[in-house]
Amino acid sequence: MTFSSHRRTLLKGVCAALFGASLLFTGSVSAAPDRDKDTLVFVNYRDLRDLNPHLYAGEMYAQEMLFEGLVTLGNDGKYHGAVAESWEISPDGRVYTFKIRPGLTFTDGEKLDAYAVKANFDALIDNKARHTWLEMMRLLEKVEAPDASTFVITMREPYYPMLTELAVTRPFAFVSPKVMKDGKTKDGLKAFIGSGPWVLKEHVVDEYAVFEANPDYWGVKPAFKRIIVKVIPDNQTRILALEKGEIDLIWGKNMIDADALNKYRSSDKFAVAVSAPTSTRHIVLNTNNEHLKDFKVRAAIQHAVNKAVISQGVFHGFEPPADTLYARSIPYCDIDLKPFAYDMKLAAKLLEEAGYTRDGRRAPLMKNGKPLQLGLLYNSNSVSEKTIAEYLQSELGKLGMQLEIRGEEEQSYRDNMKNGNFDLVFNICWGMPYDPQSSLAAMRQRVYGDYAAQLGLPDKKEIDAAITKILTSTDEAERQSLYSFVLKHLHDDAVYLPISYETNKALFRADLDGVGFLSNQYEVPFADMKWNK
């Protein structure tokens, strides 16, 4: 497979700058169509769906608009109060005491005090099995509200990512107790009522939604009084809507293709923003496969992938090449790991050492009468995964590997990945703020494909034990040492093939200020946005 020459053009400075502050390309601002200055028109590729923050079906950007938790994680890497204005942690790291911000109400007028917080936690605990992908729920001992302003969480063991897991979009966000069903939330809500900066006023399924600013919100008041979210599934149709002035902002990792970003980065009418790395696009190699259980075969595949070509050819450099499972900018991940450099000769040599031979340059690799045949599973909704899969099929074919590529719709793809029904499968790290602690913790159970893929590793038990110890360690130096151990083993085992560092992206009207990215990759910073004239 080859890429056209224009897709190989280097975006000077992009790859380096992506590891620092987010990039913003703008030209001069031209006259924009008339627009109600109190309104911003946003777009998403699908409907809001079920916005119950105690479950996992709804659009996370919308849940961030409606609901709040005890704390938030700022771009400064520090925790900040939300529903809780302050907190204390016991010396043994087991007890967290939160002081609830006074005077808070849900948007239906219901009080948001410690009793309401406890009601939400009780509803979550009632459905505890659904939330054990978060280690916090596995270590939780009890929750209490000794008075209206105090909420206490007691853990069986110290758990260092506690505040991070409380700060993520879901499930530790609060709904009005009035919308619960018999004090529970696992079977749905009567309405989507929270305490966040926005209120959902109107919703037509698969067409649009209207959010209005919450006048009683305790925090920063947004410049806009209204946000309209249109549903436009097709990438090109979204871009045409932006060109026509029907929408103002396209924002999100999977909302804009790299060709469109490249086209508009020098525009005087529109602007482009790209975040620092949020997560890693990679391929998981199943060590239970008869071929992939051999380290040399896994290493050969690593050396046979030219990530720079993929970065430029598929992503125009907006996603820089990845050498490790997590970017160095992720906490605890700035460690020295030797990359598997692109080297086709070394890849061929490793396969030969593994006992594979071929009868001529066009013949398949064989061992014990069997061809080296593998399947690569990808999400059929992802155009980039299909393109990369076709490229890998061609490149590995040069070595004599037979790579069958198969795309499946998202739910089927995820089910097969979770159950280990794959040889190789595309995946993406969970991203900030879930990485590395939550994504590593989930490797110890069947959450995604990691658990099944690692079962063939001789050091799987050591890796899992180190992850468990990380989560309860109260010593920073010990924690870093354990992270280094885990990340080095996973890297050296060649079970993950990093492709590129995924970035968040935005394309928007040039007269819209404040478009950027937050520490939570799913939260759109509407509060920072305003028209510049």
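Heavy-atom contacts from other residues, nucleotides or ligands closer than 6.0 Å to CD of Glu409 number more than 12. Environment of NZ in Lys142: sparse, with no more than 12 heavy atoms of neighbouring residues, nucleotides or ligands closer than 6.0 Å. Lys253 NZ: more than 12 foreign heavy atoms inside a 6.0 Å radius.
Contact detail for Ser279 and Gln521: the closest heavy-atom pair is OG-OE1, 4.2 Å. Across all non-hydrogen atoms, the minimal contact from Phe192 to Leu189 is CD2-CD1, 4.1 Å. In terms of heavy atoms, Ser275 sits closest to Thr503 at O-CG2, 3.5 Å. Listed here is the closest heavy atom pair of Leu487 and Cys333: CD1-SG, 3.8 Å. Asp248 approaches Leu512 most closely through the heavy-atom pair O-CD2, 4.4 Å.
Among residues two or more places apart in sequence or in another chain, the side-chain hydrogen bond (donor to acceptor under 3.5 Å, both in side chains) test is passed with Ser195 by Glu68. Shown here are the side-chain contact (heavy atoms from CB on, under 4.5 Å) partners of Val117, two or more places apart in sequence or in another chain: Leu70, Val83, Ile100, Leu112, Phe121, Phe151, Phe174. Glu476 is linked by a salt bridge (charged side-chain N to carboxylate O under 4.0 Å, His left out) to Arg479, counting only residues two or more places apart in sequence or in another chain. For the side-chain hydrogen bond (donor to acceptor under 3.5 Å, both in side chains) test, no residue two or more places apart in sequence or in another chain qualifies with Asp528. Scored by the side-chain contact (heavy atoms from CB on, under 4.5 Å) test, Asp182 finds no partners at all (sequence neighbours excluded). In this structure Lys386 satisfies the salt bridge (charged side-chain N to carboxylate O under 4.0 Å, His left out) test together with Glu390, sequence neighbours excluded. Considering only residues two or more places apart in sequence or on other chains, Tyr522 meets the ring-ring contact (aromatic ring centres under 6.0 Å, His included) condition with none of them. Scanning for ring-ring contact (aromatic ring centres under 6.0 Å, His included) contacts around Tyr56 gives His131, Trp133, with sequence neighbours left out.
In this structure, Gln63 and Asn52 have side chains that are not in contact, with every pair of non-hydrogen atoms separated by 4.5 Å or more. Residues Asn254 and Ser382 have side chains not in contact (no heavy-atom distance under 4.5 Å, counting atoms from C-beta outward). Asp50 places a side-chain heavy atom less than 4.5 Å from the side chain of Leu55. Here the side chains of Leu242 and Ile250 are in contact, with some heavy-atom distance below 4.5 Å. Residues Cys429 and Leu325 meet the side-chain proximity criterion, which asks for heavy atoms closer than 4.5 Å. Residues Arg94 and Glu141 form a side-chain contact, since some pair of their non-hydrogen atoms from C-beta on lies under 4.5 Å apart. Residues Asn235 and Arg238 have side chains in contact (heavy-atom distance under 4.5 Å, counting atoms from C-beta outward). Looking only at side-chain heavy atoms (C-beta outward), Ile153 and Leu166 come within less than 4.5 Å of each other.
With salt bridges taken as basic N to acidic carboxylate O contacts below 4.0 Å, one links Asp511 and Arg509. Salt-bridge check for Asp38 with Arg226: failed, with every basic side-chain N at 4.0 Å or more from each acidic carboxylate O. Look at Arg444 and Glu135 and you find a salt bridge, because one of the NZ, NE, NH1 or NH2 atoms lies within 4.0 Å of a carboxylate O, short of that distance. The pair Lys263-Asp259 does not count as a salt bridge, with every side-chain nitrogen at least 4.0 angstrom from each carboxylate oxygen. For the pair Glu502 and Arg281, the salt-bridge criterion is met [side-chain N within less than 4.0 Å of a carboxylate O].
Leu51 CG to Arg170 CZ: the interatomic distance, rounded to the nearest 0.5 Å, is 9.5 Å. Atom OG1 of Thr132 is separated from atom CG of Leu139 by 11.5 Å, given to the nearest 0.5 angstrom. Annotation: the span from Leu200 atom CG to Ile193 atom CD1 amounts to 8.5 Å, rounded to 0.5 Å. Atom NZ of residue Lys505 and atom CZ of residue Phe517 lie 8.5 Å apart, to the nearest 0.5 angstrom.
Residue pairs satisfying the salt bridge (charged side-chain N to carboxylate O under 4.0 Å, His left out) criterion with at least one member in residues 205-224, sequence neighbours excluded, are absent. Applying the ring pair (Phe, Tyr, Trp, His ring centres under 6.0 Å) rule to pairs touching residues 194-247 yields Phe224-Trp531, sequence neighbours excluded. For residues 98-110, the pairs satisfying salt bridge (charged side-chain N to carboxylate O under 4.0 Å, His left out) are Glu110-Lys178, with sequence neighbours left out. Identified under the salt bridge (charged side-chain N to carboxylate O under 4.0 Å, His left out) test for residues 57-66, with sequence neighbours left out: Arg46-Glu59, Arg49-Glu59.
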Taking it one step at a time, do Arg138 and Glu157 satisfy salt bridge (Lys or Arg N to Asp or Glu O under 4.0 Å)? CA-CA 10 Å; Arg138 299 164 73 87; Glu157 298 180 60; over 6 Å; no
Using side-chain hydrogen bond (donor to acceptor under 3.5 Å, both in side chains), reason through Asn520 and Thr169 one step at a time and then give a plain yes or no. CA-CA 8 Å; Asn520 184 335; Thr169 304; 3.0 Å; yes
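By the 30° and 60° cut-offs, the orientation of the rings of Trp430 relative to Tyr434 is perpendicular.
Judged by distance alone, with hydrogens and angles left aside, the side-chain atoms of Ser500 form no donor-acceptor pair with the main-chain N or O of Ala322 at under 3.5 Å.
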